[in-house]
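Letters go in sequence order (proteins before strands), and every chain restarts at 1.
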Amino acid sequence: MGNKTKRMLLPLATGAVLAMVLSACGGGTGGGGGGGAASENLDGRGPITYVQGKDNSNVVRPLVDKWNAAHPDEKVTFKEQSDNADQQHDDLVKNFQAKNVDYDVASVDVIWTAEFAAKGWLQPLKDTMEVSTKGMLPATVQTGTYKDVLYTLPQTSDGGMLYYRKDLVPTPPKTWDEMMGMCSIAKEKGIDCYAGQFAQYEGLTVNVSEAINSQGGSIVDKDGKATVNSPEAKAGLQSLVDGFKDGNIPKQAQTYQEEQGRQSFEAGKLMFLRNWPYVYNLAKTDGSSTVKDTFGIAPLPGKDGPGASTLGGHNMGVSVYSKHKATAKDFLAFMTSEETQKFFATQGSLAPVLESLYDDADLVAKLPYLPVLKTSILNAVPRPVTPFYPAVTQAIQQNSFAALQGTKTVDQALTDMEAAFNTTVSK
Amino acid sequence: MSTMTETATAHAAAAKSVARRRERWASSRTYISAAIIVLWCLLPFYWMVVTAFRDVGYTFDPTPFFTHVTWDNFATAFSSEMGNHLDRALLNSLFISGVTTIVALLFGVFAAYALARLNFRGKFLVLGMILGASMFPGVAIVTPLFQLFTSINWTGTYQALIIPNISFVLPLTVYTLTSFFREMPWELEEAARIDGCTAGQAFRKVILPLAAPAVFTTAILAFIAAWNEYLIASILSSDATQTVTVAIAGFTGSQPHQEPYTAVMAAGTVVTIPLVVLVLIFQRKIVAGLTAGAVK
Amino acid sequence: MSANVDPQAKPETAVRKPDGGKGGSKEVGMDRKEKTQGRLAALLIVPTLVVLAIVILYPVINAIIMSLEHDEGLDPVTGTFVAGGFAGISNYTHWLFQQCTGPGGETVSCPPGTLGAQFWSSTGVTFFFTVVTVFFETLLGFWMAVIMARAFKGRSILRAAVLVPWAIPTAVTAKLWFFIFAFDGIANTLFNTSILWTGSEGPARAAIIIADVWKTTPFMALLILAGLQMIPADIYEAAKVDGASTWQRFRLITLPLVKPALMVAILFRTLDALRMYDLPAIMTGGANGTTTLSILVVNQIRIGFNSAAALSTITFIIIFIVAFIFVRFLGANAVETASGGARGKNK
């Protein structure tokens with residue numbers, strides 16, 4: 001009688017057994033990292049794959065072609081991921097977990113280095129794998145360093161700048177308080193004063209970190225301990241909360257990501273905007289831009305001088321599972337050479353990591369914002385370098401957003417933030 | 001006698017005019033409803049098309065009609081120079097969704113026939129298991145599936161995209177078909193068998209045509225579900241097997257941080273309109289053909 | 001065994017009467033028939049179950065196994081992650097009772113800003129979205145289907161229009177609505193309002209509900225339409241002759257006959273809505289009280305797989321309970337009658 005049922009259940013049962021077996025050996029998490037993998041294939045040469053997010057302005061492809069022409073036996077295949085940073089992160093994680101030997105070199109967002117290094121997925125760039133970081137901006141090298149070892153090599157950088165209306169404010173504000181004081185000018189003109197990225201997403205972490213760092217505070221210390229509950233950090237978050245309270249930062253900025261702020265600024269509805277260098281070209285060329293000739297750029301305002309920008313950009317790392325690490329190392333050096341950096345800057349408007357290039361006359365002629373950006377990046381502070389970055393940024397976003405909305409006091413937000421960090425790290 | 005017929009005719013005439021008036025009222029009500037539905041469905045789509053044709057320099061211009069019209073966004077969407085292979089992605093999606101639909105329908109019709117028509121033990125269990133497949137968060141399926149497919153070297157292959165798709169649409173397919181098969185006049189099948197048809201023939205020639213609207217609807221739902229699948233495709237496809245959803249997600253602006261909004265809307269337009277046209281043609285040709293052959 | 005006189009078998013037994021007579025005892029005939037039917041049924045169902053086993057069963061079992069282990073912990077000396085070890089059900093209690101591990105290793109309640117603190121609110125949000133969207137989609141879908149089923153000139157335009165929202169890829173739809181509901185977007189411009197659509201809870205939820213209802217009502221409408229089309233026209237004619245009013249015809253003919261299709265549509269919409277991810281993820285990123293369980297799962301996957309596996313399993317169980325209630329008590333007719341055979345036997 002149970003015959004038919006049995007027969008029907010058979011495939012299911014087989015499936016279940018198969019599943020158990022597979023999950024038993026599939027193992028999943030990278031537990032304890034690559035172990036021996038980091039000491040293998042160090043002098044391996046041969047074809048490799050370079051993985052990066054979408055090549056926005058067609059800069060990587062020509063570079064790869066150039067490399068391939070010179071290295072016919074060590075060809076690089078370029079694999080493009082989606083344009084979304086979260087999806088790039090998840091794609092890398094899945095492939096590292098699966099110990100994919102085809103993900104030799106990867107472009108790593110500055111905030112992922114610690115996580116990937118702690119998982120044991122990245123080849124330490126030391127000894128035979130050492131690539132020179134001479135001449136690179138110190139803050140960018142810091143983003144690639146975890147526990148005093150360099151794991152990822154800075155490739156491109158990015159920093160926040162203050163866009164302002166020079167027709168309304170002839171000299172840009174040097175400090176935050178000065179800027180807030182200028183908001184009466186905006187009020188007279190009937191436009192909004194200041195906006196950054198205050199929607200609840202990664203951009204909020206960037207902006208809140210800038211506010212906190214600019215007031216001399218910090219989010220985590222060198223050992224990854226939370227330091228967010230300090231008077232300086234409080235002053236930083238308070239400055240944003242007060243901005244919203246006074247109306248100096250419009251309420252709608254709580255829905256702004258990069259693009260909405262740019263839209264408002266280009267439409268002439270905003271006097272000050274914190275944004276990345278990309279806005280410069282677009283605000284000059286967009287058909288709908290009303291501020292083409294009337295905007296200027298300045299370093300972010302800080303407590304007594306230039307503020308501490310949060311660092312953006314990408315680094316390059318080598319997978320411990322790569323079979324051709326010697327080739328990978330050479331490719332890293334190639335992609336960060338002065339010549340390549342110049343190409344990135346001129347073709348893709350990507351900020352270089354070599355300090356000297358910011359004073360290069362040719363480049364400055366092409367990208368007039370470089371001197372300002374240099375100040376920004378020289379004062380920049382990387383986002384928290386912690387293997388728990390995804391959890392840390394969640395805690396920052398949720399608690400500071402509540403503070404900006406006024407549903408939580410600044411004190412409470414920072415206390416909760418600290419508590420959230422602590423439970424995360426001790427897990 | 002004659003007066004009675006007269007009054008009857010008069011009554012009938014009056015009733016007829018009332019009926020006619022009522023009919024006219026009913027039909028205008030139908031048109032009003034239809035117009036509201038069309039507007040509700042198409043207004044956001046209209047805005048999408050407007051944006052698709054708008055110069056990228058005017059991305060955020062909220063003028064609600066066509067201004068700064070350009071084909072550039074479509075060129076961007078198809079530009080292989082920028083790495084946006086929408087044309088190849090369209091073919092891939094067509095192939096993957098097509099195969100998914102055909103296989104899912106085939107399996108679904110089998111299973112639904114068994115569930116609706118045959119007596120066997122464990123029916124509730126089978127139905128429960130099939131439904132259970134629609135209960136696990138899709139976002140949590142991706143990682144183990146990726147590991148499974150990597151271990152058998154399937155990443156980047158068509159089957160790695162088609163098989164998950166089939167499993168995603170199968171529960172719905174089986175359930176809809178089962179519920180429709182239950183309502184079929186199965187006496188007709190018996191009649192056909194008495195006329196000398198085999199069970200298979202009777203099913204194909206009598207039941208299937210009658211079920212055509214249901215099968216066809218299921219096919220549309222399955223096809224579009226497969227067409228829209230993103231999660232699995234984004235992880236398991238390679239450049240060569242990339243689907244439209246993945247291709248569109250890969251669009252970028254000319255600058256980092258810039259949203260490629262107009263190009264995404266152009267691509268959205270490109271992948272939607274042919275789909276709708278295709279469905280309509282199929283509906284006309286196939287359903288009409290099938291239903292015409294049905295025993296009425 | 002003899003209790004197995006299920007209504008669905010009736011027409012068959014009726015037609016096969018001569019056959020049954022030949023076989024002598026009717027019960028023996030039934031038994032043999034059931035046997036052959038069972039064999040055929042197994043053959044017909046196996047392909048479906050195999051595909052589902054590969055793609056769904058494997059991940060589910062994998063998740064359950066993983067959920068019993070701790071997330072990897074950081075070795076403070078080397079700075080590398082090490083396997084967490086057996087966790088028992090602590091990953092489950094972490095979510096259900098919002099228990100986190102404090103700095104000294106003690107159990108504390110999860111502070112705001114951790115994902116653990118969001119489990120119950122996300123469950124609430126998920127159910128809220130499900131109930132509201134499925135309600136509106138059913139109502140609108142039924143209306144659309146009734147109109148589409150009528151014969152009138154230009155009906156194909158209507159059918160094409162209804163297909164459009166459903167045919168646009170979800171990721172594109174979400175982007176479209178994201179920009180429609182931007183502060184300087186078309187919605188505020190058209191209605192001359194300055195609502196912060198994604199800036200506070202009420203409007204953010206409304207925006208997501210509008211987008212979801214717009215996108216998925218066609219799914220409902222098409223399924224219900226198919227149900228309507230299966231109703232033979234002569235039943236209506238007969239009812240008309242009998243003088244039934246429009247409302248009576250709707251209530252007494254349309255509704256009961258379309259109920260199986262309607263129930264399948266509602267059931268599957270409910271299961272889908274309970275796993276809603278794309279729209280809130282793109283439109284609000286889960287901010288302002290729009291974090292659904294699926295968004296929580298994705299955020300947790302980025303932080304620790306094992307806790308995420310536990311959360312996925314919990315979500316699975318929640319959805320299972322909902323589906324069970326749906327099928328058992330709310331009379332999802334299609335499922336009930338379809339399972340009639342099995343239930344008949346259990347008596």
Exercise. Would you mind checking which part of A:N84 comes under 4.5 Å of any heavy atom in chain C, side chain (CB onward), backbone (N, CA, C, O), both or neither?
Key: neither

Exercise. Rounded to the nearest 0.5 Å, what's the gap from OG1 on A:T393 to CG on C:N299? Could you check?
Key: 10.5 Å

Practice problem: Please look at C:F181 and chain A and tell me whether the side chain, the backbone, both or neither of the residue comes under 4.5 angstrom of a heavy atom of that chain. | Solution: neither

Exercise. Starting at NZ of A:K251, measure out to CG of C:L196 and round the result to the nearest 0.5 Å.
Key: 6.0 Å

Quiz item: With only heavy atoms counted, which part of C:I64 is less than 4.5 Å from chain A, the side chain, the backbone, both or neither?
Solution: neither

Exercise. Begin with the C-alpha distance, continue with both residues' side-chain angles, and end with the deciding distance and a verdict on side chain to side chain contact (heavy atoms under 4.5 Å, CB included) for C:D184 and A:K269.
Key: CA-CA 11 Å; C:D184 288 314; A:K269 294 187 210 164; 3.0 Å; yes

Exercise. Please examine the side chains of C:T114 and A:Q394, heavy atoms only from C-beta on, and report whether any two atoms are closer than 4.5 Å.
Key: no

Quiz item: Out of C:P112, C:P76, C:A117, which one racks up the most heavy-atom pairs below 4.5 Å with chain A?
Solution: C:P112

Quiz item: What residue, out of C:V298, C:I301, C:T198, C:L52, has the most heavy-atom pairs lying under 4.5 Å from chain A?
Solution: C:T198

Quiz item: Should A:V93 and C:F305 count as side-chain neighbours, where that means a heavy-atom distance under 4.5 Å?
Solution: yes

Quiz item: Looking only at heavy atoms, which two atoms of C:L74 and A:A118 are closest? And how far apart?
Solution: CD1-CB, 4.0 Å

Self-check item: Contact class of C:N288 relative to chain A, heavy atoms under 4.5 angstrom
Solution: both

Quiz prompt | For the student: nearest non-hydrogen atoms of C:G199 and A:Q405, plus distance | solution = O-NE2, 2.8 Å

Self-check item: Options A:Q254, A:K147, A:Q397, ranked by heavy-atom pairs under 4.5 Å with chain C, top entry
Solution: A:K147

Exercise. Tell me the residues of residues 257-267 of chain A whose non-hydrogen atoms fall below 4.5 Å from those of chain C, in number order.
Key: A:Q257, A:Q260, A:Q263, A:S264

Quiz item: How about C:I89: does its CD1 atom have over 12 heavy atoms from other parts shown lying under 6.0 Å from it?
Solution: no

Practice problem: Below 4.5 Å from any heavy atom of chain C, which atoms of A:Y201 appear? Answer side chain, backbone, both or neither. | Solution: neither

Quiz item: Quick check: does any side chain N or O of A:Y146 sit under 3.5 Å from a backbone N or O of C:G79, one acting as donor and the other as acceptor?
Solution: yes

Self-check item: Step-by-step ring-ring contact (aromatic ring centres under 6.0 Å, His included) determination, A:F388 to C:F81
Solution: CA-CA 11 Å; A:F388 297 104; C:F81 281 104; 5.7 Å; yes

Quiz prompt | A:A420 to C:G113 - nearest heavy-atom pair and separation | solution = CB-C, 4.3 Å

Quiz item: What closest approach, in Å, do A:P390 and C:R302 show between heavy atoms, and which atom pair accounts for it?
Solution: CG-O, 3.7 Å

Self-check item: Side-chain touch A:T423/C:T101, heavy atoms, less than 4.5 angstrom
Solution: no

Practice problem: Measure A:F198 against the heavy atoms of chain C and call it side chain, backbone, both or neither at under 4.5 Å. | Solution: neither

Self-check item: Value rounded to 0.5 Å, distance of OG1 in C:T291 from CD in A:Q200
Solution: 7.0 Å

